[in-house]
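Read through the structure below, which is laid out as structure tokens, and then see the notes.
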Amino acid sequence: MNEIILSTQNGEPVASSRDVAERFGKEHKDVLRSIKNLTAQNCALLKMFHKTEYTTAQNKKATMYLMNRDGFSLLAMGFTGKEAVQWKLKYIEAFNQMEKQLAAQHKEQQAVQDANIQSAIDRVIEARKKLDENTAFLDECRKNREDSKAKYMQVKALCGEFKAI
């Protein structure tokens, strides 16, 4: 049997109605009808099936659906026969593997984000230390200036007294 083809859409694993038809040995139009029947029974199911298009070998646009795991499960669990059971098990496993892979990617991305945040925090702390050092230096300069000004005023006053003598 060929490998199961899955992809992702908005970070969620999906399977196409065309792929389901091929893997289950069904006509695509029959799979489309099954999806339409399911969604007609309960419009809440529409969130499990995303209607889209593909280009046929004759270069024409045709309808297909991408379905998430729940949509696939709901559709495929209605199929019967030995082949259907084998593919149901393979698709379930494929979705589970894809989900694990996405979770691992998310974990890696979270680790990178955490490292970036920590790096930014460290830079802010370092900048704050430098600011505190510069502020202390400026305070010392102001104090020295005030001291110098006071000494200058004392010397000037002494000079004025000296001239008066």
Side-chain angles (χ1 to χ4, degrees), residues 1-140:
M1 286 187 190
N2 294 337
E3 188 176 25
I4 297 170
I5 300 171
L6 290 175
S7 63
T8 59
Q9 180 147 344
N10 299 326
E12 183 178 34
V14 296
S16 76
S17 56
R18 293 178 62 215
D19 201 34
V20 170
E22 180 184 334
R23 302 299 183 214
F24 282 89
K26 297 192 174 291
E27 292 290 324
H28 187 235
K29 65 181 181 179
D30 295 333
V31 173
L32 292 177
R33 185 175 41 241
S34 294
I35 292 170
K36 288 177 185 175
N37 289 339
L38 284 170
T39 56
Q41 292 173 29
N42 186 339
C43 63
L45 301 179
L46 288 172
K47 66 182 179 185
M48 297 178 194
F49 300 94
H50 172 72
K51 188 176 183 178
T52 188
E53 292 181 336
Y54 70 99
T55 305
T56 67
Q58 294 78 26
N59 207 25
K60 294 181 181 180
K61 297 286 183 189
T63 299
M64 76 172 189
Y65 284 89
L66 295 177
M67 62 199 82
N68 63 15
R69 177 175 51 188
D70 294 341
F72 165 78
S73 298
L74 188 61
L75 175 68
M77 295 310 158
F79 296 160
T80 58
K82 184 178 179 181
E83 191 71 15
V85 170
Q86 292 301 314
W87 279 109
K88 287 175 195 179
L89 293 172
K90 286 186 179 192
Y91 264 86
I92 288 168
E93 179 59 26
F95 271 105
N96 289 339
Q97 289 302 319
M98 179 75 75
E99 198 170 58
K100 285 179 187 175
Q101 185 180 9
L102 289 172
Q105 287 173 354
H106 177 72
K107 200 174 203 179
E108 289 172 16
Q109 290 171 349
Q110 189 64 44
V112 168
Q113 285 178 336
D114 290 348
N116 288 341
I117 290 169
Q118 187 59 51
S119 175
I121 290 170
D122 292 344
R123 289 193 308 269
V124 168
I125 289 170
E126 189 60 34
R128 179 57 196 225
K129 284 180 185 176
K130 288 185 182 198
L131 177 63
D132 290 346
E133 289 171 5
N134 289 339
T135 300
F137 175 74
L138 288 174
D139 288 346
E140 185 67 28

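Of all heavy-atom pairs spanning Thr63 and His28, the tightest one is O-CE1, 3.2 Å. The shortest heavy-atom contact between Tyr54 and Met64 is CD2-CB, 3.7 Å. Scanning both residues, Thr55 and Asn59, for their nearest heavy atoms gives CG2-OD1, 3.3 Å.
Met98 has its side chain out of reach of Arg69: every pair of non-hydrogen atoms, C-beta onward, lies at least 4.5 Å apart. Within the 4.5 Å cutoff, the side chain of Val112 has no heavy atoms near those of the Glu108 side chain. Counting only heavy atoms from C-beta outward, the side chains of Phe49 and Lys36 never approach each other to under 4.5 Å. Between Met48 and Leu38 the shortest side-chain heavy-atom distance does not fall below 4.5 Å. No side-chain heavy atom of Glu126 sits under 4.5 Å from any side-chain heavy atom of Asp122.
In this structure, a donor-acceptor pair under 3.5 Å is present between the side chains of Glu93 and Gln97. Gln110 and Asp114 share a donor-acceptor pair across their side chains, judged by distance under 3.5 Å alone.
Salt bridge absent: Asp132 and Lys129 never bring a charged side-chain N and a carboxylate O closer than 4.0 Å.
Scanning for ring-ring contact (aromatic ring centres under 6.0 Å, His included) contacts around Phe79 gives Phe24, with sequence neighbours left out. Annotation: side chain to side chain contact (heavy atoms under 4.5 Å, CB included) contacts of His50 (sequence neighbours excluded): Gln9, Thr52, Leu66.
Here the CZ atom belonging to Phe95 is positioned 9.0 Å from the CG atom belonging to Asp70, to the nearest 0.5 angstrom. Interatomic distance, Ile121 CD1 to Arg128 CZ, rounded to the nearest 0.5 Å: 15.5 Å. Expressed to the nearest 0.5 Å, how far CZ of Arg33 lies from OG of Ser17 amounts to 13.0 Å. With rounding to the nearest 0.5 angstrom, the CG atom of Asp139 is 11.0 Å from the CG atom of Asn134. In this structure, CG on Leu74 lies 10.0 Å from OG1 on Thr39, to the nearest 0.5 angstrom.
A donor-acceptor pair is defined here as one N or O able to donate and one able to accept, closer than 3.5 Å; such a pair exists between the side chain of Thr135 and the backbone of Leu131.
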